[in-house]
Every structure is written in C-alpha cells, then in structure tokens.
2 protein chains.
Amino acid sequence: MKPIEKKSARDQVIISLRKAIFNGDLKNGEEITQEEIAKILNVSRMPVREAFYALEREGLLLTQQNRRVIVKGVTEEDIKDHYDIRAMLEGEAAAKAARLATDLKDLEEINKEIEKAVQARNTDEYIVANEHFHRTIWKLSNSVRLQSFLDQLWSGLPPHLAEMVTEQMGKAHSEHQDILEAFRNRDEHAARELMMSHIKRSKIDFLKIF
Amino acid sequence: MKPIEKKSARDQVIISLRKAIFNGDLKNGEEITQEEIAKILNVSRMPVREAFYALEREGLLLTQQNRRVIVKGVTEEDIKDHYDIRAMLEGEAAAKAARLATDLKDLEEINKEIEKAVQARNTDEYIVANEHFHRTIWKLSNSVRLQSFLDQLWSGLPPHLAEMVTEQMGKAHSEHQDILEAFRNRDEHAARELMMSHIKRSKIDFLKIF
DNA sequence: ATTCTGGATTTTGGATACAGAATCCTTTGT
DNA sequence: ACAAAGGATTCTGTATCCAAAATCCAGAAT
C-alpha cells in the first residue's frame, strides 16, 4: 500500500496561486499582499507567506526591495526560456538515466499507459501519464538537483492546453518510444539528443498556441 | 546612493546551516528539528522552518515522508553533479548574455578587479570578484530562471577552498579573458563553449582537493 | 503650488500559542 | 518472552499576536 499524502495548506495555496496566475485572475504587475490572499483562500497569513517564497523561486512572483510582492505573468520570452533550459536539463537527466538505469520496468509500464491513452484519444489520461513518464526519467537520473530544478520548471508553466495535446499526442508518443529504445540500448548520447529534440519540438508547438 | 540591505533572520539561518553542514558540524544523515536549531541560533521556529524549506531545494536537507528532516552532506557524486549542471546552465547564460549584452562596462570593470587580485595574490579579494564576475553574466542573460537556479547551485557547494584558488587563479583569470573576448565579439557559440570548459576544468581541480 | 515633515495606517517579519500527527514507552495479555 | 494497545511526549503545521518597517496623507513652510 502506498501512503496517502494529504496536502498541506501551503501547498494548496501554491496551487491556487499558480492557477490564478495562469488563467489571468492575477495579472502581470499586479501587487498582492499576504493578508488579501489569506482572506480569499481562508487560511492564515503563514502558509501564504511560505507560498509566496516558493513561487518567487519559480519566477511567478517577485518581491521588490520594498518587500512588496508583484505578479510576474508568463510572457512569450519566458516560455522560450523555460523550454530552452528544460531541454538541457531533461537531456542531461536522460543521459544520466540511460547510463545508470538497470531497471526499466516502471518506464515500460508507463509507456503502455500512454499507448492506451493515445489510442483511446483520452487527453486527460495522456497528460497524467506523460508527466509520469518524464518524472520517472528524472528519478532514474538519480540527481536531486535535476529533479528539483525540473520540478520547479514543470510547475512554472501552464499545463499543456488540451488542444495542443490532442494534436501532438501521436508525435510525442513516437518520440517517447525512441527515447525508451535508447534506454534499452543504454545509449547515453542518443538518449540526450532524442530527449532534447523532443522538448525543442514541444516548444515550437506550445508557442504556436500561446 | 545604493540602499543598505539588511539580512532577514531567515537568510541568516540559511547561511548558518550551510556553514554547519559544510564544516561537518551537522553530519550526513543526522536528524535535526526546527526547535533544536531555533534554540541554538536564538530565533523562533518560524525562520528556521522557512530555511529548512529553502535548503531542501538546494539539496542540503531532505524532508522524509514522516516530516522529519535529515542532513544530506556533500558527496563526491554531488560535486560532479553540481558542476555538470552548472556547466550547462552557465554555458546557456553566457550564450544568452553574448547575444543580448550591449553594455559590457560592468564586466570589464570586474575583470580589472580580478586582474588586481591575481597580481596581488589576494585570495579573498579574488574569490569575491570571481563570484561577482559570474553573477554579472547571469544577470546579463536576462533570464530569471537561470539566475535562480545558478544561485541555488552556487550556494549549495562549499566555497572554493583557499588552496585551490591560489593554485588556479591564474588559469581561471585567463579563461575569463577569453570569455570576455567572446562577449566583445558577440559570439554566442564561443561564449558558451568557453564558459563550459572553464567550469569543467574547475570541476576537475575541485575534485582533486575534495 | 510645491516640498517637507511627522504622525496615522498598512504590511511585513518574527514570536508565541495551540491543535493534531507521529513517535516513544509502558503496560497488558497471551 | 513477545506483540499489541494505548497513553504520554515530541514535533510539526497553522493561527494569532506584536513590534518594526514602509507607505500614505494632511498640514506647515517656502
């Protein structure tokens, strides 16, 4: 049995704020205070305070020297930046994973789930399985830093819009197959290159929609 | 006049804990509690709590599923990991900076400071100026994410030991010159490559001492 | 009218308080 | 002797409280 994880108030605040920023409820440059948010979300200032701190690291908020906090909406430049860095880091993670991974059981398993989702044209399931696929590779890389950074990156961008996903599910899935094949061959170099181009391609597709 | 920045208790706790981990006062695997640290540093649990959260992202602490926090000392594998990632990120930062930077005044200035420190064999001054040099490049890259990640990386490793620095000051300085030259020519590609090999070389030197 | 000044107001950082979760430890039953 | 139960203890997460910092605003001085 896997332990049930209950979300802390802080994490819930983080999630709520991210959503609000992504869907435009909180606009770029807008100034927000701890108390204001605390009141809206019906928690005390303390979890909000910590959430602000976390979101600042993700680049979604900015504390000015006056201590006031302003919202940093997602710009096109941001998205390019996000994908450029992610391509490098996930490439590195894939290379490390290909070198270290002796046990690809989990990854093969997830791959099958993706397969199913693609065939069923089930976008929601696909999104979940896809994230799972990537996160598993990070984990296989066995680098805390890579995991931490990629986690921050992944959370810092709006979830892939459904329209984008349906369009590219097939493409992405076949790229995943190639990556998996590189893993089976323990081919570090190929794993890195394939992962990087996989993400660079996503970047282009994402930008088209944005 | 530049505004005076005063450190928050949280930041001081972060710094103290880092030091304690680096010099071995807190050993790998040791379990620490918020209250214990708060008592030692003579602050309340609140800043300690936030410091734990921050240090976890840097990879120096680990919160277990039980909520207990344990110390993750720096291993050789960690150092390799650190430098590998840093090489990529600083390479990217250098490339972006070379593309965007119109004004190299600050960087040239800092370069002269380094020059002075090298000639005077002044290790302390060198260390400060060197960090300044790198940070300035990150800033010129104009990417919040790169800055944030590199900041986390830079803080997560013990400061370069004095012995290491004296030995390699000259080498590093001449590498800096080459990087600066690439900037003057706005040569993205060269900037990235030179920065990457600069850091890969540091990695080797650091590992020799560790 | 514009700038300056000093107090009222807001907001933050940090301390303290309290309830619930996790762990420890003693007791009880077999 | 050993395992299970359950109460005491420890520790964390969140709420509340307080003092210091920042901002705002009205009136005085130029």
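Quick caveat: nothing in here was measured; it's all calculated off a predicted structure. Below, each value reflects all heavy atoms present in this structure, side chains not excepted, and no hydrogens, waters or symmetry copies. Letters A, B, ... are given to chains in the order of the sequence lines, protein chains preceding strands, and every chain is numbered from 1.
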* Asked: Judged by atom type as modelled, is there a donor-acceptor pair below 3.5 Å linking the side chain of Asp25(A) to the main-chain atoms of Ala20(A)?
  -> no
* Nearest-Å distance for atom pair CD/C1', residues Glu50(B) and dT12(D) -> 15 Å
* Asked: To the nearest Å, how far apart are Ile70(B) CD1 and dT23(C) P?
  -> 13 Å
* Whole-Å gap separating P (dG14(C)) and CZ (Arg10(B)) -> 7 Å
* Starting from the 5' end of DNA chain C, give me the residue, Asn66(A) or Met46(A), whose nearest nucleotide shows up first. => Asn66(A)
* Hey, does the side-chain of Arg45(B) have a donor or acceptor N/O within less than 3.5 Å of a partner on the base of dG13(D)? -> yes
* Asked: Using a cut-off of less than 4.0 Å, is there contact between a side-chain N or O of Ser44(A) and OP1 or OP2 of dT14(D)?
  -> no
* Asked: Please give, in whole Å, the distance from dT14(D) C1' to Gln34(B) CD?
  -> 12 Å
* Asked: Between Asn122(A) and Asp124(A), is there a donor-acceptor pair closer than 3.5 Å when you use the side chain of the first and the backbone of the second?
  -> yes
* To do: Grab the CD-C1' distance between Gln64(B) and dC11(D) for me, whole Å please.
  => 13 Å
* Asked: Separation of Phe52(B) atom CZ from dG14(C) atom P, in whole Å?
  -> 16 Å
* To do: Provide, to the nearest angstrom, the distance between the CD atom belonging to Gln65(B) and the P atom belonging to dC11(D).
  => 17 Å
* Asked: Expressed in angstrom and rounded to an integer, what is the separation of Tyr53(A) atom OH from dG14(C) atom C1'?
  -> 15 Å
* Asked: How is Arg49(A) classified with respect to the nucleic acid when contacts are heavy atoms under 4.0 Å: base, sugar-phosphate, or nothing?
  -> base
* Asked: Can the positive tip of Arg57(B) be found less than 6.0 Å from the middle of the six-membered ring of Phe149(A), inside 45° of the ring normal?
  -> no
* Asked: For Arg67(A) and Pro47(A), take the nucleotide of DNA chain D holding the closest heavy atom to each; which residue's nucleotide lies nearer the 5' end?
  -> Pro47(A)
* Ion pair present between Asp78(B) and Lys72(B), side-chain N to carboxylate O less than 4.0 angstrom? -> no
